[in-house]
Structures are given as C-alpha cells and as structure tokens.
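Inspection log for the structure reproduced underneath, given as structure tokens.
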Amino acid sequence: MYVMEFRHSGVTRTSRVVRMSLGMFSGSKYRCPVQDSLKALGYTPVSPPPGRREVLGQVALRPLMDELDGRRGPGAPRRHRLDPVLENWTRHALRAYDSAFFRSDGDSGLSEVARPWTYRYPAGADDHRGATEYGITVWGRCLASADGTVRELRLPVHRSGAHNVPADGYVAVAALVTAEDRQSGPPDHVRVVRFPAAGTRPELLFAGTPEEAKDLHRTHGRHAVRALLDSAEYRPGSACGSCPFTAGCPALMRAPGLTGLSGKGRPRRTWSPTDGREYAACARRSRARSLRLPTLDAVERSPAAERGRAVHAYLAARHRADPPVPCSSDIPEDWVPAGFALEERELLIATAQLRRHAAVCPLHRVLSAEDVRVEPTVTMEDPAARVVVVTDPDLVYRDGGSWVWREVKSTSRRFTGTSNLMETYPQLALAVLMAGEAVWPGRSGNVRVEAEILRPHGASLVTLDPSSPAVRDRARKALAPLMAAWHADDSFEPQPGPECAACPVSQWCPDAAVRTGAERHEP
Ligand code: SF4
Ligand code: SF4
C-alpha cells in the first residue's frame, strides 16, 4: 500500500482518484506537505478529530467568491451570513474586483463558464501510487470568450507583494488546468491573473498558447506534482488546527492540559501569543487578524515596531551563521537588514540595544550549528481543549547537556525590574509550559527558559525553571486570562475605545471609535 511511505497511522484510503487543488502548489510555509499529500491521494482519517463547526466564516475570500457566484443567476450557491468585519472586507473586495475587470461599455468580452476549470487524466495501468485517475481543480473565477478561443483564470488573493510571490509550479499548474479543461473545445489563448482583493492592480502570471502552457508544465509543473504527491515532510504549525489527520500524526506533539481549558462543545482552534495579545486588545481585532485581512502600514510599521523587527531580524541572521560566531559589540554602521527603514532616533536606540546583546549572546555557549535553532516553530496540541498552540521562540540552543529556550525582548523603556516578566510577555509564560513538554533532540537534560531584555543602557538575562511547580503555576495564571475568553468566544464583538487609534485593522471595522488616518471602508 502506498501509505507505507508515510509514518502516519489512523488513515485509510477511500478513493483511488487523486484530487489535487491549485492551492496545494502555493508553496506557502503555512501548509503541511503531508496533510496535502494525504488529502490528494484519497486518504481519510479513521477517527476525525472532534470539534464542532465555527459559527463565523473562517475563509476571508469565500464570501467574495459567493457574491461573484451569485451574479451567475438564481441557480447559484447560497451565500453565507457575514459578520460586520467580513461584510466590510467583502464589499471592498467586490468594488476592487469590479474596478479591475469591468469595462465602462459593460463588455469585457469574457463571461464566466458553468464550472471551474478542471484538468483530469487517467493513471497508467501500473501507476505506482495505485491511482486510477488524476485531477487538478482551481479556486478562482473562470472565464471564456463567446467563441471559446480565449480563456482566463482570475485567482483571488488577499494582497500581492514581494512577500507573496507565487511559486513557479503554482503558475505552471494554473496555466495547464486553464488550457486543458475539456468542458468546451480547446482555446487558442490562455491567461492567468492574480487578483489582490485589497485593491491593487491584478498581476498577469501567464499569457500564452496551450502549447506554451504545456511547456511551462513540463519545466515546472511536473516536478511540483511529484513533490506534492510524494512528500513525506511534516510541517507542524497553524495547519494542524484544521488538519483531519492529527490522530496518527507522528510530528505533532501532544500536551494534554497545556491550556487548562475544556474543549467540550467547542470548535478546534489554533492559538499563538499573538492571538492572545490581539484578543486582549479587542476581540474583533483578533478576528480580523485571524482572517489575515490586510493591515495598516502606519500601525504595523510604526517607528518602534519597525525598530523591534529590525533588531530581531539582525540577530536571527547572525545566529544562523554556520559555524556559530558569538555576536560582538562592534555593530557595523549599515547593519539594518534589507526591507527595514529606521528613523534616526530608532536607529540609535536599536544600535545601542544590539551592542548590549553581545554580553549575553547565547552563541558564546554553543559548540556547533547543530546546537542552535533560530526561530523554530513549536507546535503542541492540547487534545482536551481542542486547541493547537503554535509559537516561534527567538532561539533554542544547547548549553552542554541542556536545551535552552531563549526569548529576546527589545525595549526603549527604563528598567523596572523583572518580577512580572511572564505577565508582561506572555511568550515567556507559554515557553515555561511548552519547554517542559517538548521533545528535545539528543541527550535530554534540564530545560530552562531565558528572557533576554535588551534596552539601550543595558541587557538583563533572567532564567525561568519550567520544572518548578511555582513557576509553572505562575505561567498558567499569566496565560489563563488571555486564553479562556478567546476560547469561549463565538461572536468576537468589537470593543471600541482609545485602542482603536492603534488598531491595524480599523479600516475593516465599522465600529472603530478612532481611526489612524485610514480610509474607512463603509458597508
Ligand atoms: S497534524 Fe500537523 S504535522 Fe501532522 S499531518 Fe496534520 S498538519 Fe501535518
Ligand atoms: S477599530 Fe477598535 S473596535 Fe474595531 S477592531 Fe479595531 S480595536 Fe476593535
């Protein structure tokens, strides 16, 4: 059986038809290759993970697709009920779609086809994956000219940008499916465009003949299909929250009781310290962030936030060096990593913080690059709570026989003591609870958590012992208020107030009390 390639148990193959979707080729770091592979190959879980459906929609672009489906006429699928933030976003996205694609004379020359483009082909007689047929579907707007000679695929995305460049295999597969669908005769010309719902211009990904689409597939697509179907790479992370295959997954760590919550009657969810921070500020804000709606640069890239990210990016790059080189206080003038822009005051503060880091750099204590993990994603499921917890420590390193979880916080504030660190920085409380549960490679020894606080005039290093019941108890108490209300919430109501002025998603919120120079997108 092909499943023997996986170490995964608790799955059974219920179909010999291989069903791939274009999204599986996106190359997103948030997708898990094994989950995609199992789904595509027709496996289903023997025991699906428990958890009821969410009350609110979880896919930000789904209502846009529903609205566009609805324009096709009365037989169109039923639309979802929207909460205000999703309604606001969807109306904005619809206006952006119309202004991008509809011509003033009302005739774009293209109209939507009856069914989304699909590419199917029969498997060979001795298919090594045991398949009888292969198929690839797309999730986008599929249009054709009246005579069928021109086809266009419009793929919705939240927004485009350098951080979101589509993989070559993704473009190749999209072009092939558009060219090879057989619900009508073959086209002469094929276009694939990406439509950023945030409102920027559509991007042309491919334009050419069906032959050129097949050439591109031979160059990039075939390899992408093989990589998808034959992958054995587990990538625990946010994908685990909606994964049907958790029960037999050897890569997902379990920590019963980690959150201290009961999941009875609750949906499965993913939680990170960022969720906790956002929810504490405003429930609706955390909802908009979890939908990954575009944020305001004026808030997200404020001078202080930009300084903090630049410091972290610089240290992460330094700590990835192989062999490891401890950081020195000799900071180069042009240290600011590409993609960051610091104002003069922030540059002075950040440079002083980096100089202070040298004295407490953990690389003084490691022997080889094998002993260092920079920003590793640590994922644990609390089955009793139906919550998957995901966090990215700044650094994990081995000091002799002990693994150390290091969180680095940079601040321009004056030193106020270290007595309430876990309350101030929930990542530390989470680190205390997760470090004791994690499976650490190599020889196991004591695990400790370190909090490195960088200020312009000094650096503090505080050690927390996860094996201490008192420390763990305090960590639980620090996290409980951040998790409990979020876990029980189904409506994510707004909490307008002064915080709205620093809300990165206020442009999607009809209840904002104050705005940050952002255009308000009215429903
Ligand atoms: S549980 Fe997580 S790591 Fe395991 S297959 Fe699912 S998504 Fe991948
Ligand atoms: S604008 Fe205010 S009420 Fe709306 S999501 Fe942001 S913080 Fe909450």
Side-chain angles (χ1 to χ4, degrees), residues 3 5-11 24 28-41 43-49 51 56 83-89 228 231-255 268-270 275 277-291 293-296 298-300 376-383 386-390 439 486 489 491-523:
V3 75
E5 295 292 319
F6 297 109
R7 290 175 289 145
H8 218 107
S9 60
V11 295
M24 293 176 174
S28 164
K29 65 178 182 175
Y30 299 110
R31 298 190 77 103
C32 170
V34 164
Q35 183 193 147
D36 282 343
S37 181
L38 285 168
K39 280 182 178 168
L41 289 165
Y43 287 96
T44 51
V46 175
S47 306
L56 301 178
D83 62 310
V85 75
L86 207 42
E87 180 170 9
N88 224 0
W89 155 253
L228 163 66
S231 177
E233 181 195 347
Y234 288 92
R235 201 179 293 156
S238 54
C240 302
S242 55
C243 178
F245 307 114
T246 51
C249 179
L252 177 60
M253 290 187 275
R254 272 96 188 166
R268 282 168 54 78
R269 285 184 178 168
T270 305
D275 293 313
R277 194 173 58 240
E278 298 288 352
Y279 191 88
C282 172
R284 178 176 286 165
R285 177 168 154 176
S286 89
R287 154 96 178 133
R289 294 298 293 253
S290 72
L291 288 167
L293 299 190
T295 53
L296 291 170
V299 176
E300 284 288 88
T377 298
V378 181
T379 307
M380 281 181 197
E381 181 189 34
D382 180 348
R386 298 179 184 166
V387 172
V388 171
V389 179
V390 183
V439 178
W486 164 87
D489 200 342
S491 57
F492 294 85
E493 296 293 338
Q495 289 145 273
E499 282 282 333
C500 297
C503 175
V505 288
S506 61
Q507 74 269 42
W508 313 119
C509 176
D511 296 285
V514 192
R515 292 189 185 276
T516 317
E519 182 194 347
R520 180 175 176 176
H521 299 300
E522 296 284 359

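Every value quoted in this text rests on a predicted model; they were computed, and no experiment measured them. Every heavy atom of this structure was used, including side-chain atoms; hydrogens, water molecules and symmetry mates were not. One-based numbering, in listed order, for ligands and for the atoms of each.
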[X] heavy atoms, cut-off 4.0 Å: which ligand 2 atoms fall inside?
X      : result
Pro496 : 3 (S)
Cys282 : 3 (S), 5 (S), 7 (S), 8 (Fe)
Gln495 : 3 (S)
Pro494 : 3 (S)
Ser506 : 1 (S)

- Just let me know how Cys503 lines up against ligand 2, side chain, backbone, both or neither, with a heavy-atom cut-off below 4.0 Å. side chain
- Quick one: does ligand 2 sit under 4.0 Å from the side chain of Ala512, the backbone, both or neither, non-hydrogen atoms only? both
- Task: Measure the spacing between OG1 of Thr246 and CZ of Arg386 and express it to the nearest 0.5 Å.
- Result: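 Those atoms lie 11.5 Å apart.
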- Task: Can you list, by chain and residue number, the protein N, O or S atoms under 2.8 Å from atom 2 (Fe) of ligand 1?
- Result: Cys240 SG
Below 4.5 Å, heavy atoms only, C-beta onward: do [X] and [Y] meet side chain to side chain?
X      : Y      : result
Asp36  : Leu228 : yes
Cys249 : Arg254 : yes
Glu278 : Ser290 : no
Arg284 : Pro510 : yes

- Worked verdict on Val387 versus Trp486 for side chain to side chain contact (heavy atoms under 4.5 Å, CB included): CA-CA 11 Å; Val387 172; Trp486 164 87; 4.2 Å; yes
- Heavy-atom pair of closest approach, residues Cys500 and Ala512: SG-CA, 4.1 Å
- Which heavy atom of Leu296 sits nearest a heavy atom of Ser506, and at what distance?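 That would be CD1-OG, 3.6 Å.
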- Taking only Lys NZ, Arg NE, NH1 and NH2, and the carboxylate oxygens of Asp or Glu, determine whether Arg289 and Glu300 approach each other closer than 4.0 Å. yes
